[in-house]
Amino acid sequence: MSHHLLRAARVLASAAVITINLLTLPAAAHAQGTGVTRTDLQRHDLSAPGREAVQVRVDLAPGVAFGRHTHPGEEIIYVLAGAIEYDVDGKPPVTLKAGDVLFIPAGTVHAAKNVGGDTASELATYIVAKDKPLLTLAK
């Protein structure tokens, strides 16, 4: 009987962690206003202690920008659809389209804006410190 209770406790704990993960990422997007949808796809611990990989789909409505922000680790971007202008500190702005990629070093301030007429989407993969917020708005 105790084996079943232990297994149930593990399942409930896992469900709680998944729920927290799903709630924290969209909350960051909500602070940006309407037109930004962040969908948490997966989150896993890495073999490097204290680090995790997080994958998020970000959808931007036409003309919508996601303001200047940083991450506590690297961000690897793959544009899925549309045209997104990325403004990364220290570099000239660049507009990327479906199939294009971008690497943003840890802690680098950057912003993104949908410069096309349709919804633009990216797959963002973060390699980040587990004990810090995934996203911090720049001042």
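Side chains are part of it too, since the values below use all heavy atoms of this structure and drop only hydrogens, waters and symmetry mates. Small disclaimer: the values here were computed from a predicted structure and weren't measured. Start at 1 with the first residue, then count along the sequence.
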Return the CG to NZ distance between Leu60 and Lys113, rounded to the nearest 0.5 Å.
11.0 Å
Of all the heavy-atom pairs spanning Ile127 and Ala53, show the shortest one and how long it is.
CD1-CB, 4.0 Å
Is any side-chain heavy atom of Val64 closer than 4.5 Å to one of Val36?
yes
Is there any ring pair (Phe, Tyr, Trp, His ring centres under 6.0 Å) pair reaching into residues 75-98, and which pairs are they, with sequence neighbours excluded?
none
Under a 3.5 Å cutoff, is there a donor and acceptor pairing between the side chains of His110 and Glu75?
yes
For Val56, does its backbone N or O pair with a side-chain atom of Asp40 as donor and acceptor, under 3.5 Å?
no
What I want to check is whether the side chains of Asp59 and Thr119 have a donor and an acceptor closer together than 3.5 Å.
no
Could you measure the distance from the OG1 atom of Thr125 to the CG atom of Leu41? Nearest 0.5 Å is fine.
8.5 Å
Would the distance check show the side chain of His44 and the main-chain N or O of Gln42 forming a donor-acceptor pair, the cut-off being under 3.5 Å?
no
Of all residues at least two apart in sequence or in a different chain, which pass the salt bridge (charged side-chain N to carboxylate O under 4.0 Å, His left out) check with Asp45?
Lys130
Dump the intermediate steps for salt bridge (Lys or Arg N to Asp or Glu O under 4.0 Å) on Arg43 and Glu52, then the final yes or no.
CA-CA 7 Å; Arg43 181 183 295 245; Glu52 66 180 341; 3.0 Å; yes
Please give me the minimum heavy-atom distance between Gly67 and Ala111, naming the atom from each residue.
C-CB, 3.9 Å
Find out if a path of hydrophobic residues (ILVMFWY) with successive side-chain heavy-atom gaps under 4.5 Å connects Val94 to Ile77.
yes
What are the two closest heavy atoms between Ala129 and Arg51, and how far apart are they?
N-NH1, 3.5 Å
Identify, with sequence neighbours excluded, every residue that meets salt bridge (charged side-chain N to carboxylate O under 4.0 Å, His left out) alongside Asp87.
none
Keeping Asn114 on the side-chain end and Ala61 on the backbone end, is there a donor-acceptor pair under 3.5 Å?
yes
Any residue meeting side chain to side chain donor-acceptor pair (under 3.5 Å) with Asp89, in chain and number order, not counting sequence neighbours:
Arg68
Euclidean distance, Leu123 CG relative to Arg57 CZ, rounded to 0.5 Å
8.5 Å
Nearest heavy-atom pair of Ile84 and Glu122: which atoms, and what distance?
CD1-CB, 4.2 Å
Candidate pair Thr108 and Val88, rule side-chain contact (heavy atoms from CB on, under 4.5 Å), full reasoning:
CA-CA 7 Å; Thr108 302; Val88 180; 3.6 Å; yes
Rounded to the nearest 0.5 Å, what separates atom NE2 in His69 from atom CD1 in Ile104?
6.5 Å
Atom pairs and distances, side-chain donor-acceptor, residues 131-139, under 3.5 Å, sequence neighbours left out:
none

Which residue pairs pass the ring pair (Phe, Tyr, Trp, His ring centres under 6.0 Å) test when at least one of the two sits in residues 116-139, sequence neighbours left out?
His71-Tyr126
Spacing of CG belonging to Leu102 relative to CG belonging to Leu96, to within rounding of 0.5 Å
5.5 Å
Heavy atoms only: give me the nearest Gly117-Pro62 pair and the separation to one decimal.
O-CG, 3.4 Å
Can you see which heavy atom on Thr95 is nearest to which on Ala83, and at what distance?
CG2-CB, 4.1 Å
Shared hydrophobic cluster, Leu80 / Val101 (ILVMFWY, side-chain heavy atoms < 4.5 Å)
yes
